[in-house]
Number of protein chains: 2
Amino acid sequence: MPVPKGSTIDPERTRAAILEAATAVLYERGLDGVGVAELCALIGVSKETLYRHFGTKDGLVEAVLLARSERVSRWLADSAAAAGDNPRDQLAAVFDALREWYEDPVFRGCAMVNASAQHHVEAVRAITARHLDRYLDLLTGIAERAGAADPPLLGRQLLMLVEGATVVAAHHGTAGTGEQARQAALALLSAAAPASGDD
Amino acid sequence: MPVPKGSTIDPERTRAAILEAATAVLYERGLDGVGVAELCALIGVSKETLYRHFGTKDGLVEAVLLARSERVSRWLADSAAAAGDNPRDQLAAVFDALREWYEDPVFRGCAMVNASAQHHVEAVRAITARHLDRYLDLLTGIAERAGAADPPLLGRQLLMLVEGATVVAAHHGTAGTGEQARQAALALLSAAAPASGDD
DNA sequence: CCGAGATGGTACCGATCGGTTCGATCTTTG
DNA sequence: CAAAGATCGAACCGATCGGTACCATCTCGG
């Protein structure tokens, strides 16, 4: 029962609790895989409350995706930052974080990409595009600091590797995917920035 | 009106025509984005006929995905084979084919991956896994013939690149994606098979 | 030219969908 | 204690869902 009822009536807290619980359910079951009634039952909230806070199922979906995009992006950026100043180490740290994610039993791929894959609502597609933009910024920054010959190019190639590893881990098997992707990323970095990462 | 009615009553041909028309509609609109009634109207066939041939909407979906997987896999393999005996040329040809696909205005990502992204039916997930298996076989074969140090590793890394490029092209913009992925693939090949492709 | 079978069109079924409404219950505020 | 507001639970709405049934029509093999 993720939403503690009554103890303290605080709309902000209720909204946050709905958001968190709905994020997990919608990720596991898919956006169209669970109706509003069942969703409310699962997260322990009435339909009226949910609709008062989010107006529409699409509104809830957008809020869920925005929050998740924020959380995931920050998590990856923090992982890179925690690896120190060496861009090569930062890149390795990003893929270590991804590997950890892939091994989580609830892992089911990138929620934003999954959402855009069949939900053709424009707002959802925009959220996904912005999410990928954030990934790209992070990776391009690493490429720049590593002294890559063409940082935007390497950034985009690394983005493909990140998303490809996520797809493969979700739909073809987790085994080794994170480590294999990490090696490929470092190989691409070495090829694009021959004298990188060791100063 | 993709299904020419009546002219020749031939169940096999009707089934094939439904399959082809449904493939296009379900790819464009998404598996859950169009109901059976509307689907039948769009492809010009009655519900009874559709259900007689495929039994169930899920049955139709599985048949559509199987046929599409077959077609796409063969197209990529043929593209590689047409590039001659040099494995490096074959790899480049695969990504040239992908680039052509990405630029098609109806391109919306990998249909199998899209289907598995939110449709948690086991049969669909199995079809997607087998589809990725075929990609992997093609790419691992190229890696082997190129003399890669670890062909299964390189094959899986190239698979990530293929799927990642497809995701990025679908959700982050087509511009340059195919060419960037091609360069990354060749860089990975060069790094893994130093003396490859030039004999 | 007639019977068998494939098809189209339509009405229909129960279930579920997203969304609204209402009254009872609870907490907080004054 | 009283008023305000948040929440629950359930009933309810029209629309749509996947799937079935029925019958007229059409094509083809004998």
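Chain naming here is simple, since letters A, B, ... match the order of the sequence lines and numbering starts at 1 in each. Heavy-atom basis, side chains included; hydrogens, waters and symmetry copies ignored.
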Exercise. Could you tell me whether B:Asp137 and B:Arg134 have a side-chain N and a carboxylate O separated by less than 4.0 Å?
Key: no

Practice problem: Start with the C-alpha distance between A:Asp133 and B:His172, add both sets of side-chain angles, then the distance that settles side-chain hydrogen bond (donor to acceptor under 3.5 Å, both in side chains), and finish with yes or no. | Solution: CA-CA 8 Å; A:Asp133 272 337; B:His172 193 249; 2.7 Å; yes

Self-check item: Trace of the side-chain hydrogen bond (donor to acceptor under 3.5 Å, both in side chains) decision for B:Arg130 with B:Ser69
Solution: CA-CA 9 Å; B:Arg130 259 184 298 166; B:Ser69 171; over 6 Å; no

Quiz item: How are the rings of A:Trp75 and A:Trp101 set to each other: parallel, tilted or perpendicular (split at 30° and 60°)?
Solution: perpendicular

Quiz item: Can you check the A:Arg13 CZ to D:dG5 C1' distance for me, whole Å?
Solution: 18 Å

Quiz item: Distance check: side-chain N/O of B:Arg52 vs OP1/OP2 of C:dT7, anything under 4.0 Å?
Solution: yes

Quiz item: With a 4.5 Å limit on heavy-atom distance, are the side chains of B:Arg52 and B:Thr49 in contact?
Solution: yes

Self-check item: side-chain N/O B:His53 vs C:dA6 OP1/OP2, d < 4.0 Å
Solution: no

Self-check item: Distance below 4.0 Å between A:Thr49 side-chain N/O and D:dA6 OP1 or OP2
Solution: no

Quiz item: Are a donor atom and an acceptor atom from the side chains of A:Tyr102 and A:Thr166 found within less than 3.5 Å of each other?
Solution: yes

Quiz item: Taking protein heavy atoms under 4.0 Å as touching, what does nucleotides 15-20 of chain D look like 5' to 3' if B marks base contact, S marks sugar-phosphate-only contact and - marks none?
Solution: --SSBB

